[in-house]
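Here is how names work: the chains are called A, B, and so on, in the same order as the sequence lines, proteins then strands, and each is numbered from 1. When reading the values below, keep in mind they use all heavy atoms of this one structure, side chains included, and skip hydrogens, waters and symmetry mates. Worth saying up front: this structure is predicted, and the values here are computed from it rather than measured.
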Protein chains: 2
Amino acid sequence: MKFNPVNDKKIYQQIIEQIKKMIYNGDLKKGAKLPSERKLTKELNVSRSSLREAFSALEMIGLIECRPGEGTFIKEKVSDNFLEPLSLLFMVEEDVNEDLIELRKMLEVSGVKLAASRATEEDLQRIKNSIRQMEVNKGDVQKSGIADRDFHYAVAMATQNTLVSKFLNSISEAIDIYFANAMQRIVNNESRNEEFIAQHRHIYKALVNRDQELAETTMLEHLTWSKNLIINS
Amino acid sequence: MKFNPVNDKKIYQQIIEQIKKMIYNGDLKKGAKLPSERKLTKELNVSRSSLREAFSALEMIGLIECRPGEGTFIKEKVSDNFLEPLSLLFMVEEDVNEDLIELRKMLEVSGVKLAASRATEEDLQRIKNSIRQMEVNKGDVQKSGIADRDFHYAVAMATQNTLVSKFLNSISEAIDIYFANAMQRIVNNESRNEEFIAQHRHIYKALVNRDQELAETTMLEHLTWSKNLIINS
DNA sequence: TTTACTATACTGGTCTGACCATATGTCCTA
DNA sequence: TAGGACATATGGTCAGACCAGTATAGTAAA
């Protein structure tokens with residue numbers, strides 16, 4: 001006897017499957033306009049509610065864009081924060097912390113090598129500015145945090161790989177959320193704060209000199225140092 | 001005169017914001033049961049449709065789980081394919097291809113170093129088996145593809161970092177989808193197929209010997225070789 | 001008292017039909 | 001021809017209904 005698998009998926013998931021296939025087949029390309037909701041409900045033989053559940057899910061992950069009065073479109077450009085939903089997951093996942101830090105280290109250490117070979121003058125300027133902000137705002141948790149984020153953001157951009165920088169940024173964001181207290185411990189201790197800034201300077205110098213090896217080791221040192229501060233808190 | 005920013009966000013997005021905050025504040029932990037939809041609609045003063053749009057989006061990214069007759073829960077374990085929605089994005093994004101390959105290279109090269117130091121006997125066995133499958137199925141595109149995927153999957157697992165392996169797998173999946181033809185070009189040429197298998201053997205040998213440096217270089221060679229095959233197609 | 005069953009309330013899944021605000025296109029007028 | 005008024009189409013939101021399951025409390029049987 002042979003049973004056919006029962007299709008127990010929710011309707012909105014089935015709709016997503018179909019849209020997926022259409023994208024895969026090339027029927028839906030970037031910027032394409034989808035049929036109106038009312039038309040689609042007839043074609044798919046589903047209610048508008050179910051269709052809208054599918055659309056809201058697809059909009060959340062940044063695949064489509066629903067514009068009132070106009071229609072629904074496949075997004076022209078994937079938004080910068082397309083990984084933002086993931087940070088939600090990191091927030092509930094408690095045991096993932098060390099894994100998260102390790103993942104960041106892997107990406108950022110190899111990322112900084114790319115940055116060393118590809119960074120533009122503009123990138124370097126932005127990195128330099130972020131370090132300046134750290135120096136000016138010694139002791140200020142808030143502003144030091146922002147400066148640090150700027151630094152790593154700029155380095156990520158300097159890889160000239162938008163995908164890498166997006167991944168990296170959303171990972172960093174998740175880490176920042178989780179370990180907001182780490183920055184406190186850095187900034188509240190003067191010598192620690194000095195060391196913190198010095199490490200960023202070293203990385204910057206390596207980038208300016210296009211020294212991939214040095215960039216790698218200095219970044220590795222920095223992240224290892226940071227990790228210890230985070231973990232032992 | 002001062003204007004307050006108009007809250008133009010869609011209701012389902014506002015609901016997600018609220019749930020986000022509750023998670024951030026620790027009010028919602030893993031496995032927690034959310035209030036029933038009917039209760040929440042009253043508390044949030046929204047319609048059930050809007051609430052369900054929010055829920056379907058959250059379910060899509062794997063944050064919650066809606067079980068008919070029971071209720072809605074924060075997922076206990078983040079599912080293995082929590083990055084699957086991302087592959088959708090990769091599919092529409094055409095210029096991302098090279099970036100994607102580079103990202104994979106970064107992650108997998110540093111990943112294989114971890115694997116070299118952490119792989120269990122079981123991991124090594126699985127890797128060995130996948131290579132055996134490549135040898136047995138020379139010329140078979142389908143099965144060779146599966147074996148290759150198994151190999152890289154097993155290496156990713158061997159990092160003992162679930163987050164890294166999940167990221168890696170979803171990236172590999174996206175690449176496989178995009179470059180299905182690459183495997184064809186490898187398998188259809190006998191000497192290329194031999195080379196392909198030999199590279200995997202080298203990586204395996206490095207892993208068995210716990211040689212991180214060698215694992216890194218062999219993996220780098222393998223991925224660079226593969227990339228050239230993909231790009232020049 | 002314990003077990004087994006049943007009725008009931010409750011849950012998420014789905015559908016229908018309505019109304020709104022906005023965007024677009026049309027046609028008529030000045 | 002330019003401008004304005006109107007009709008139409010779109011997504012956003014809501015209310016209410018029904019269904020198929022699950023959970024639970026209450027009852028009957030052991």
Just checking B:Lys105: does its NZ atom have more than 12 heavy atoms from other residues, nucleotides or ligands closer to it than 6.0 angstrom?
yes
Taking protein heavy atoms under 4.0 Å as touching, what does nucleotides 10-18 of chain C look like 5' to 3' if B marks base contact, S marks sugar-phosphate-only contact and - marks none?
-BBBBBB-B
For residues B:Gln160 and B:Asp123, determine if any side-chain heavy atom of one lies less than 4.5 Å from a side-chain heavy atom of the other.
yes
Find the distance between CD (A:Glu65) and NZ (A:Lys75) and round it off to the nearest 0.5 Å.
5.5 Å
Could you grab the distance from atom CZ of B:Phe167 to atom CD1 of A:Ile171, nearest 0.5 Å is fine?
4.5 Å
If you fit an axis to the five pairs at each end of the helix from C:dT1-D:dA30 to C:dA30-D:dT1, how big is the angle between those two axes, to 10 degrees?
10°
Applying side-chain contact (heavy atoms from CB on, under 4.5 Å) between B:Thr159 and each of B:Val112, B:Leu168, B:Leu114, report the one that passes.
B:Leu114
Start and end of chain A contact along DNA chain D [non-hydrogen atoms, under 4.0 Å]:
D:dT10 to D:dT13
Salt bridge (charged side-chain N to carboxylate O under 4.0 Å, His left out) evaluation trace for A:Glu59 with B:Lys10:
CA-CA 11 Å; A:Glu59 193 179 28; B:Lys10 297 171 189 174; 2.6 Å; yes
What distance do A:Ile16 atom CD1 and B:Ser56 atom OG have between them, rounded to the nearest 0.5 Å?
7.0 Å
So how far is it from B:Arg149 CZ to B:Ser144 OG, rounded to the nearest 0.5 Å?
11.0 Å
If only atom types and distance count, is the side chain of A:Asn169 paired as donor or acceptor with the main-chain N or O of A:Ser165 below 3.5 Å?
yes
Between B:His222 and B:His152, how do the two ring planes meet: parallel, tilted or perpendicular, split at 30° and 60°?
parallel
